[in-house]
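Beneath this line is the structure, given in structure tokens, with notes to follow.
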There are 2 protein chains.
Amino acid sequence: MNVEFDRPKRVRLVDIAEKVGVSRRAVSAVLLGTGGNRVTVGEQKAKEIQLVAKSMGYQPNLAARQLVGKRSHTFGLLVASAGDPLRSFLIQHLDEEAVAHGNRTLIGNTVIAPDRFEKTVQLFTNSGVDGVLCAVHSWLPGDRADLLGQHPCTVFYEDPGTPNACFVTVDRRAAIRKATSFLIEKGRERIGLALNVKSRKSQKDRLIGYKEALSQHGHKFTPELVFHASPKHKNAYASHDVDSLKWSFPEEVIDDLIEKLIIGQSADAIIAHDDYWAATLIKRLHRRGVRVPDDVAVVGYLNHYLADFTDPAITTIDLNHLSAATEMVSMLEKMIRGEELPADQRQVLIQPQLIERESA
Amino acid sequence: MNVEFDRPKRVRLVDIAEKVGVSRRAVSAVLLGTGGNRVTVGEQKAKEIQLVAKSMGYQPNLAARQLVGKRSHTFGLLVASAGDPLRSFLIQHLDEEAVAHGNRTLIGNTVIAPDRFEKTVQLFTNSGVDGVLCAVHSWLPGDRADLLGQHPCTVFYEDPGTPNACFVTVDRRAAIRKATSFLIEKGRERIGLALNVKSRKSQKDRLIGYKEALSQHGHKFTPELVFHASPKHKNAYASHDVDSLKWSFPEEVIDDLIEKLIIGQSADAIIAHDDYWAATLIKRLHRRGVRVPDDVAVVGYLNHYLADFTDPAITTIDLNHLSAATEMVSMLEKMIRGEELPADQRQVLIQPQLIERESA
DNA sequence: CTGAAAGCGCTTACAG
DNA sequence: CTGAAAGCGCTTACAG
């Protein structure tokens, strides 16, 4: 059971100090920026210290710095899963932004087990992360209040529903406004809106955007043209099966959608819940001999790379995950540095963009 | 709830020791398993310590343990990008396995800049990771020797080409053998093999598997039925554009492939380089009025969830990333614990599996 | 089993 | 600018 663990001996601060012939404090001040402005080192000495440090390959010991109360420069990143097709690029950009600010990212997949969210938060606490980025879908389980309790410096992607939380989210109203206006300008008359289960707040925002665009163009709102998945639909939950981590096919929902909106209401365009719904919709429409976009135009939501591989390629709303990541990290950095964030800066709205391909 | 400012001071080992009235060493032995077998604590006391620790919410300070030479229980995970469609599920499983063994995962995206691989390795060193998992494609840049120099405990996905390295890889020969046999048994006569640029070793393995299956079934090998992308093809590199991190469409390669194998050689089946090639192939064949699978059967490679969303859905080879992740982490744990790995255990081969859908 | 001490690599308060 | 010292939370070698 005795586990020995040899690490090659690393160069220490004191080694450099001895070599250059200065105090450890001077080295620390030059190399690590400690001491505030109480420590001043001459330019000559500073340069020499830099040189020697480089030649000796000095790498500061993070654990030691952390122990004396310095930042760990580590962020915890909570994700449903790294393979989450809806968020994997957001994850990538979050890590990139974190690194750009001199941090590293501790990733935590949370959908594998029911209490995994909480366990991961605990792990982050043990590791002494400076702050947490939470990219877990807001409708997935996990104790957000506990997270905020352990890590006041947390930024969410999407409103977690906890009061006063900092989060970044896409402007869903603008997203659907753009999609709807685009379709109207393309001459579509009966535009269907296909949404996931009604209970999610996000779905309400989309509906508002839809109505706004209609009224802007002098179109009448027809409630029958709005479709909602119901929890009893198999795979209704955004085609993402939480239990098995498997990606699954929202076929049942889509067939119901086709019956109601296209057969029942003669819709000539559909704004789909996401690109996966759009892909499946295109596939199922073809099976029935309905042509896309000739008979029915389809617009997706997300702009996953999948959108390029379907036939026809999907015209969709890009959610701009890069900007979201930039904003999230910049917000988190501010919080960690202890800057006061006024209430109106605690929630950032990202502007989405319509990407025109072939399906509409 | 007031989570704004004051982070409650964390409970320390000594706090528990004082409360229970025992030595720090006893607490450390019970809670953290230190002291080897030189420290013995009575069952009564041990239980009491556990209870008090739990009631006080004790969480050991990782930085402190690390500083005295203990494992950090942190793995570095090098990836091309978290959004890498070819590897995102591997990444997810690697993190899950790491956590299952009591570790955490520091993720590092490496494709953003030319020297990013090396910088990330450096970051891992600073963080004092116990070992590194490298899931970066072997054909992407990055100094593997430097990585191994800084982190002798490293396990790769795919052979990095450095002597004696530990790695896990899928049995590519078996993969293509299975695909080829499957197609032969389905009655296909002229099976084309579409591969990426010839220079990659991985492509040679696939070719061998293809020949093996042909000879097994008494079929003749026709060199003209093997297609190789050439570096001058746009997007030849596995449809993964390193520079822009954008996913792109291997259209040019696919059109060339169609000309050579299907028009030129009357192939009635194609084993595609990956699911993305397969998806594009299906799309481009449809444009020419060729039906899949009726006229030409298509088999992919990877089993990405994309395979379900194309029309027809792609019959493909599942690379079994879950097993790969399990093996990688178990290997890494052994190395960290200092167990000697004999040469024949330093390379693990994963068995792939054919998943039948609609395209073949 | 115990206490008292040393040490990991760093930062900081203190006295010169 | 400097040195010498204390301390972060832990582990271990040492003496009882």
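The shown structure was predicted, so the numbers you read here are calculated from the model rather than taken from an experiment.
- L31(A) has its CG atom 16 Å from the P atom of dG9(C), to the nearest Å.
- In this structure, E340(B) places its CD atom where only 12 or fewer heavy-atom neighbours from other residues, nucleotides or ligands lie under 6.0 Å away.
- Heavy-atom minimum distance, I16(B) versus V11(B): CG1-CG1, 4.2 Å.
- Rounding to whole angstrom units, CD of residue E18(A) and P of dT2(D) are separated by 14 Å.
- For Y58(A) and dG9(C), the shortest distance from a side-chain N or O to OP1 or OP2 is not below 4.0 Å.
- Computed from coordinates, the K70(A) NZ to dC10(C) P distance equals 13 Å when rounded to whole Å.
- Rounded to a whole Å, the CG atom of L13(B) is 11 Å from the P atom of dG9(D).
- Remark: D159(A) pairs with no residue by the side-chain hydrogen bond (donor to acceptor under 3.5 Å, both in side chains) rule, at least two apart or across chains.
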Could you list all N or O pairs between the protein and nucleotides 3-8 of chain C that sit under 3.5 Å apart?
none

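- Atom CG in N126(A) sits about 11 Å away from atom P in dC10(D), given to the nearest Å.
- Under 3.5 Å, the side chains of N61(B) and Q66(A) contain no donor-acceptor pair of N or O atoms.
- The side chain of S28(A) contributes no N or O atom lying less than 4.0 Å from OP1 or OP2 of dC10(C).
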Which dot-bracket notation, 5' to 3', represents the base pairing of DNA chain C when pairs are defined as Watson-Crick or G-U with both distances under 3.5 Å, crossing pairs as [ ], and inter-strand pairs as |?
|||.||||||||.|||
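- Applying the side-chain hydrogen bond (donor to acceptor under 3.5 Å, both in side chains) criterion to T105(B), with sequence neighbours excluded, gives D95(B).
- At a cut-off of 3.5 Å, with distance as the only test, a side-chain donor of D130(B) or S72(B) sits close to an acceptor on the other residue.
- Applying the ring-ring contact (aromatic ring centres under 6.0 Å, His included) test to residues at least two apart or on different chains, the pairs with a partner in residues 140-168 of chain B are Y157(B)-H321(B).
- Within the structure, every pair that satisfies the salt bridge (Lys or Arg N to Asp or Glu O under 4.0 Å) test and touches residues 100-118 of chain A, not counting sequence neighbours, is listed here: D115(A)-K119(A).
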